[in-house]
2 protein chains.
Amino acid sequence: MARVSLKEQMQRVREDAIVDAVNQLLATKGYELMTVDEVAAEAGLAKASLYKLFTSKEELAAAAMVRVLERALAQAEALEQQEADARARLEAMVRWTLQVQLAGEMPTLPAQNSRLVAALKGHRAYMDRLFELSDRLGGWIVEAQKRGGVNPKLPSELVLFTMFARACDPVLGMLKASGQYSDEQLVELLLATTFQGLAGG
Amino acid sequence: MARVSLKEQMQRVREDAIVDAVNQLLATKGYELMTVDEVAAEAGLAKASLYKLFTSKEELAAAAMVRVLERALAQAEALEQQEADARARLEAMVRWTLQVQLAGEMPTLPAQNSRLVAALKGHRAYMDRLFELSDRLGGWIVEAQKRGGVNPKLPSELVLFTMFARACDPVLGMLKASGQYSDEQLVELLLATTFQGLAGG
DNA sequence: GTCTATAAAGCGATAGAC
DNA sequence: GTCTATCGCTTTATAGAC
């Protein structure tokens, strides 16, 4: 009797629609400008119904972040199968975040909103996945630094933070707005500056 | 009779106090979370008085951006006197932005708020200074690319945007929060990743 | 010109009917 | 469980007294 009831399935679909809407709004407008009314309208249900599933706006944001972290973890696991070299794995991971960003599907949260930050810090599912991803990438970084693929003089923490920051780097949007480059070119350009810098190795 | 009246001087001082408050609040809380009430309280005058000098919240933000752009331009002019090498000038400019950011004095605006962006686009003083700074730095970049100090394969636009982005890079705050590095170390680390990348030339 | 007081609107969150 | 209707609060912006 482990069968999932129809009701549960429908609820799951509805929750997915909500998180989809949150994800898209966080990617385009950001947290402060995203309203719960918009989320409900986009997901196709009444705001009061939404609040039965998610207890607050912060909870909505956390759910979107949990999902994108899970996607990142899935991507990381796939890369561990496909790619042996640590540096190449790190590059592939950054490439993936740039592609997600270009697709308008990278939710970004303001680090300045202390209320939101506090809520996230106390959010178990979010923190678990954040630590898991950090641990996995941290391992790659240390390995790449041993082999010289990443500068061993840099604190591995700095490398990790830089990778996270590239996931919501405004440079990509600014350059895309200029309209002079294809998405593929944009990704390769940003990847080059991330690993080679402006001087260009 | 070019003497500046006492009244004008006092108004100037008061406007400076307001822009100071805006600057600090933009640096710490960001635009959306900054309230005009806070600005008035911080600057020590009533909100209604503030609205006689600045017609909107957007105008306040623009004023803070104008001032930081003017400071950047002053810094750029000073560097043209002191430093002959284009690449060295670019590095010094990034170093300056990192120091301002560490001092908690770098106002940052959300690129996502379309109302604010539209207001800035129509703000003459802001746009003038933005173009002037872009032109000046753009010249340095092209020169540095000719001499090999900056990768000539990168679009100079990308180099410029990357420099602007480093002025509000969240990596600096994240790394500082870890408490393991002095301000001087932080600046040199970020400078290294900006120009040498993670691979480290 | 500076203030107190308030208008006007938007938002997160909830009550209560069905 | 889903909806309509509304509460309660915050925020931008202004009116009007002194």
Side-chain angles (χ1 to χ4, degrees), chain A residues 4-19 21-22 25-26 28-64 109-110 112-120 122-123, chain B residues 4-19 21-22 25-26 28-64 109-110 112-120 122-123:
Chain A
V4 178
S5 74
L6 182 63
K7 202 187 283 181
E8 280 175 42
Q9 281 186 46
M10 285 191 61
Q11 201 185 55
R12 183 63 180 267
V13 167
R14 177 154 265 194
E15 281 182 25
D16 255 21
I18 294 169
V19 178
V22 173
L25 287 166
L26 285 182
T28 54
K29 315 184 68 168
Y31 180 77
E32 324 284 0
L33 264 53
M34 173 185 85
T35 71
V36 181
D37 287 86
E38 280 175 314
V39 175
E42 189 85 14
L45 80 172
K47 185 162 60 164
S49 308
L50 190 158
Y51 268 103
K52 303 269 173 171
L53 296 169
F54 298 88
T55 62
S56 68
K57 184 181 177 182
E58 288 141 16
E59 197 77 25
L60 286 172
L109 296 183
Q112 297 162 320
N113 187 329
S114 54
R115 275 194 50 129
L116 176 62
V117 169
L120 287 174
H123 194 285
Chain B
V4 180
S5 74
L6 181 62
K7 203 186 281 183
E8 280 175 41
Q9 282 186 46
M10 286 191 62
Q11 201 186 52
R12 184 63 181 268
V13 167
R14 178 154 266 194
E15 281 182 24
D16 255 21
I18 294 169
V19 179
V22 173
L25 287 166
L26 285 182
T28 54
K29 316 184 71 170
Y31 180 76
E32 325 283 0
L33 264 52
M34 174 185 87
T35 71
V36 180
D37 287 88
E38 280 174 315
V39 174
E42 189 84 15
L45 80 172
K47 185 164 56 167
S49 309
L50 189 158
Y51 268 102
K52 303 267 174 169
L53 297 170
F54 299 88
T55 61
S56 68
K57 186 181 176 182
E58 287 141 17
E59 197 77 24
L60 286 172
L109 296 183
Q112 298 162 319
N113 187 329
S114 53
R115 272 193 51 129
L116 175 62
V117 169
L120 287 175
H123 194 284

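Labels below follow one simple rule: chain letters A, B, ... track the order of the sequence lines, proteins then strands, and each chain is numbered from 1.
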Can you give one letter per nucleotide of nucleotides 13-18 of chain D, going 5' to 3': B for a protein heavy atom under 4.0 Å from the base, S for sugar-phosphate only, - for none? BBB---
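Remark: B:K29 NZ to A:N113 CG distance equals 9.0 Å, nearest 0.5 Å. Rounding to the nearest 0.5 angstrom, the gap separating the CE atom in A:M34 from the CD atom in B:Q112 is 11.5 Å. B:T28 OG1 to B:L33 CG: the interatomic distance, rounded to the nearest 0.5 Å, is 9.5 Å.
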Show me the donor-acceptor pairs within less than 3.5 Å that the side chains of residues 44-56 of chain A make with the rest of the protein, sequence neighbours left out.
residue, atom, partner, partner atom, Å
A:K47, NZ, A:D37, OD1, 3.2
A:S56, OG, A:E58, N, 3.4
A:S56, OG, A:E59, N, 3.1

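Atom CG of A:L53 is separated from atom C1' of C:dA13 by 15 Å (rounded to the nearest Å). Whole-Å rounding puts the B:E32 CD to C:dG10 C1' distance at 14 Å. The distance from atom CD of A:E38 to atom C1' of C:dG12 is 13 Å, rounded to the nearest whole Å. Here the C1' atom of nucleotide C:dC11 and the OH atom of A:Y31 are 12 Å apart, to the nearest Å. Separating the CG atom of B:N113 from the P atom of C:dG10 is a distance of 15 Å, rounded to the nearest angstrom. Distance, B:E15 CD to C:dG1 P: 12 Å, rounded to whole Å. In this structure, the CG atom of A:L50 is 15 Å from the P atom of C:dC11, given to the nearest Å. In this entry the distance linking CZ of A:F54 with C1' of D:dG1 reads 15 Å, nearest Å.
Contacts of A:S49 with the nucleic acid, taken as non-hydrogen atoms under 4.0 Å apart, include base atoms. Looking at heavy-atom distances under 4.0 Å, A:M10 makes no contact with the nucleic acid at all.
OP1 or OP2 of C:dT2 has at least one side-chain nitrogen or oxygen of B:R14 nearer than 4.0 Å.
Of all non-hydrogen atoms in B:V117 and B:P110, the two that sit nearest each other are CG2-O, 4.3 Å. Nearest heavy-atom pair, A:L26 versus A:A61, reported as atom, atom and distance to 0.1 Å: CD1-CA, 4.2 Å.
Scored by the side chain to side chain donor-acceptor pair (under 3.5 Å) test, A:S114 finds no partners at all (sequence neighbours excluded).
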